[in-house]
Amino acid sequence: MNMAPFKPNRVVVIGTGAVGTTTAYTLLLRKRMPELVLIDVNHQKALGEALDMNHGMPFVGGVKLWAGTYEDCREADIIIVTAGASQKPGETRIDLLRKNISIFKDIIQKITKYNHHAILLIATNPVDILSYATLKISGFDRRRVIGSGTVLDSARFRYLIGKHKEIDPRSIHGQIIGEHGDSELPVWSLANVAGIDLGFDEAERKEIFEDTKNAAYEIIDAKGSTSYAIALALDRIVASILNNEGSVLNVSTLLNNYNGVSDVFLGAPCVVDRSGVREVLDLPLSEEEQSLFQQSADKLKSEIAKLEL
């Protein structure tokens, strides 16, 4: 009997800036896949990063890692796109849109020349709009285009709540939905510890959310870019896909009549497995939360309408 040849899982990271390299290094340390490819418009930079990581293989092992070209996307299971202009101090994620949309058109066309079956995981900002653009440019099934969404924002939210309560953030149930950006919103109506209401007053809620929303600006002002936590967030998404976990993660996905919102990518709780986004879970939002979610969608739709997709 003829056996189909074994194909190892392959993850491609496009962009070897702060986010791309930290993500690749995180995937390497956690041995998420047997094959890891780095691609960058500056191939010499990708070569240097790959060589540096390869020198650590005697301590880690188990991963074949190299600097490649878009042809290496052919056998990829997941393609993570982190390439593009990075956010500068005082700049919003929306400000980046003009710079990054043309870069993305080129990148996605190069990917689809070689691959039509992978899951495209987008991390470049503004991530929700660029994920929408990726879907339109690629022609991929909506389940296989995923933005990093509010996975990181929700982690920041849980961390800050845990810090206030002096409770391990892994035991905090709380989430941020909507845009990965200034119009995101906290779902206070459902936030809890072991099913118990958090008991914050309005001033405490406002402080925690403002610190959550402005976390990236604070980090960028201090060190120039974010990298570690977003790398861990992307690693978490990759693990759920490759291990077919069915984990619930607040990734960005194309919504269809979700709390009255359609035809836009926003962060919402999704079941993520080997197929990509298997399902979007309905949240029983309060009236105020539903209104804020609609406002977040309207903001992004107005930006998308200006694009030629």
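Throughout, numbering of the chain's residues begins at 1 and tracks the sequence. Quantities reported herein were computed from a predicted structural model and do not represent experimental measurements.
- A donor-acceptor pair is defined here as one N or O able to donate and one able to accept, closer than 3.5 Å; such a pair exists between the side chain of Asn115 and the backbone of Cys73.
- In this structure, Asn100 contributes its side chain and Ala85 its backbone to a donor-acceptor pair below 3.5 Å.
- Using modelled atom types, no side-chain atom of Asp211 and backbone atom of Ile208 make a donor-acceptor pair closer than 3.5 Å.
- Summarising the local packing, CD of Glu204 is surrounded by more than 12 heavy atoms from other residues, nucleotides or ligands at distances under 6.0 Å.
- In terms of modelled atom types and a separation under 3.5 Å, the side chain of Ser291 and the main chain of Glu287 share no donor-acceptor contact.
- No more than 12 heavy atoms of other residues, nucleotides or ligands sit less than 6.0 Å from atom CZ of Arg143.
- Salt bridge annotation for Asp40-Lys45: absent, with no cationic side-chain nitrogen under 4.0 angstrom from a carboxylate oxygen.
- Ile177 and Ile161 fall into different hydrophobic clusters, where Ile, Leu, Val, Met, Phe, Trp and Tyr side chains are chained together by heavy-atom contacts under 4.5 Å.
- Cluster annotation: Leu255 is not connected to Val248 through the hydrophobic network of ILVMFWY side chains, with a link wherever side-chain heavy atoms come within less than 4.5 Å.
- Between the Thr22 side chain and the Tyr228 main chain, no donor and acceptor come within less than 3.5 Å of each other.
- Scanning all heavy atoms of the two residues, the minimum distance from Gly246 to Asp273 falls at N-CB, 3.8 Å.
- The CZ atom of Phe293 lies 7.0 Å from the CG atom of Leu285; values are rounded to the nearest 0.5 Å.
- A continuous path of hydrophobic side-chain contacts links Val280 to Ile146 [ILVMFWY only; heavy atoms under 4.5 Å].
- For the pair Thr82 (side chain) and Gly15 (backbone), a donor-acceptor distance under 3.5 Å is present.
- Using a 4.5 Å heavy-atom cutoff, the side chains of Glu179 and Ile129 are not in contact.
- Both the sub-6.0 Å distance and the 45° axial angle are satisfied by Lys165 relative to the ring of Phe200.
- Side chain of Arg158 to main chain of Ile172: a donor-acceptor pair is present (N/O by atom type, distance under 3.5 Å, no hydrogens or angles).
- Atom CD1 of residue Ile241 and atom CD1 of residue Ile119 lie 4.0 Å apart, to the nearest 0.5 angstrom.
- Put simply, Ile14 and Leu96 are part of two different groups of oily side chains (I, L, V, M, F, W, Y) that touch within less than 4.5 Å, one to the next.
- Of all non-hydrogen atoms in Ala83 and Ile107, the two that sit nearest each other are CB-CD1, 3.7 Å.
- How far CG of Asp128 is from OG1 of Thr253: 10.5 Å, rounded to the nearest 0.5 Å.
- Between the CG atom in Asn42 and the CD atom in Glu49 there is a gap of 10.0 Å [rounded to 0.5 Å].
- In terms of modelled atom types and a separation under 3.5 Å, the side chain of Thr150 and the main chain of Asp153 share no donor-acceptor contact.
- Side chain of Ser154 to backbone of Ile176: a donor-acceptor contact under 3.5 angstrom is found.
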Practice problem: Please assess Ser138 against Arg144 for the test side-chain hydrogen bond (donor to acceptor under 3.5 Å, both in side chains), listing each intermediate value before the final yes or no. | Solution: CA-CA 10 Å; Ser138 68; Arg144 291 189 290 111; over 6 Å; no
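- Under a 3.5 Å cut-off, the side chain of Tyr70 and the backbone N or O of Thr112 do not form any donor-acceptor pair.
- Counting non-hydrogen atoms of other residues, nucleotides and ligands closer than 6.0 Å to OH of Tyr159 gives a total of 12 or fewer.
- Between Lys299 and Asp182 the shortest side-chain heavy-atom distance falls below 4.5 Å.
- Between Glu303 and Arg98 a salt bridge is recorded (basic side-chain N to carboxylate O distance below 4.0 Å).
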Self-check item: Full working for side chain to side chain contact (heavy atoms under 4.5 Å, CB included) between Ile122 and Phe104
Solution: CA-CA 10 Å; Ile122 310 303; Phe104 254 64; 3.8 Å; yes
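- In this structure, the side chains of Leu135 and Arg142 come closer than 4.5 Å at one or more pairs of heavy atoms.
- In summary, of the residues considered (Leu27, Thr26, Thr21), a side-chain contact (heavy atoms from CB on, under 4.5 Å) with Thr23 occurs for Leu27 alone.
- With values rounded to the nearest 0.5 angstrom, Glu184 atom CD is found 5.0 Å from Phe209 atom CZ.
- Contact annotation: the side chain of Arg205 never approaches that of Leu198 to less than 4.5 Å [non-hydrogen atoms, C-beta and beyond].
- Contact check for Leu283 versus Gln175: side-chain heavy atoms found under the 4.5 Å cut-off.
- Nearest heavy-atom pair across His43 and Ala67 is CE1-O, 3.8 Å.
- Between Phe157 and Trp188, the ring-plane angle classifies as perpendicular under the 30° and 60° cut-offs.
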Exercise. Go through Ile237 and Ile78 one step at a time and tell me if the side chain to side chain contact (heavy atoms under 4.5 Å, CB included) criterion holds.
Key: CA-CA 10 Å; Ile237 298 167; Ile78 302 174; over 6 Å; no
Exercise. Kindly indicate, with the supporting measurements, whether the criterion side chain to side chain contact (heavy atoms under 4.5 Å, CB included) is fulfilled by Val251 and Val151.
Key: CA-CA 6 Å; Val251 296; Val151 174; 3.9 Å; yes
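- Using a 4.0 Å cut-off between charged nitrogen and carboxylate oxygen, Lys213 and Glu210 count as a salt-bridge pair.
- Under a hydrophobic-cluster definition in which Ile, Leu, Val, Met, Phe, Trp and Tyr are linked whenever side-chain heavy atoms come within less than 4.5 Å, directly or via other members, Phe140 and Ile304 are assigned to the same cluster.
- The shortest heavy-atom contact between Ser189 and Glu289 is OG-OE1, 2.8 Å.
- Of all heavy-atom pairs spanning Arg156 and His180, the tightest one is NH1-CE1, 4.5 Å.
- A 4.5 Å side-chain heavy-atom check between Leu234 and Val19 finds at least one atom pair inside the cut-off.
- Using a 4.0 Å cut-off between charged nitrogen and carboxylate oxygen, Lys206 and Glu202 do not count as a salt-bridge pair.
- For the pair Val261/Val264, a side-chain contact is recorded, criterion being any heavy-atom separation below 4.5 Å from C-beta on.
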Quiz prompt | Chi angles and distances behind the salt bridge (Lys or Arg N to Asp or Glu O under 4.0 Å) call for Asp263, Lys301 | solution = CA-CA 8 Å; Asp263 196 35; Lys301 281 187 170 186; 5.7 Å; no
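- Side-chain contact between Lys7 and Asp77 is present, with at least one heavy-atom pair separated by less than 4.5 Å.
- Between the CG atom of Leu254 and the CG atom of Leu266 there is a distance of 9.5 Å, given to the nearest 0.5 Å.
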Practice problem: May I have the step-by-step check of side chain to side chain contact (heavy atoms under 4.5 Å, CB included) for Leu242 and Arg274, ending in yes or no? | Solution: CA-CA 6 Å; Leu242 292 182; Arg274 192 77 195 204; 3.7 Å; yes
Quiz item: Should Glu308 and Lys105 be marked as a salt bridge (Lys or Arg N to Asp or Glu O under 4.0 Å) after you check the CA-CA gap, both sets of side-chain angles, and the distance that decides it?
Solution: CA-CA 11 Å; Glu308 295 180 5; Lys105 286 180 179 178; 5.3 Å; no
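- The two residues Ala76 and His117 have their closest heavy-atom pair at O-NE2, 3.1 Å.
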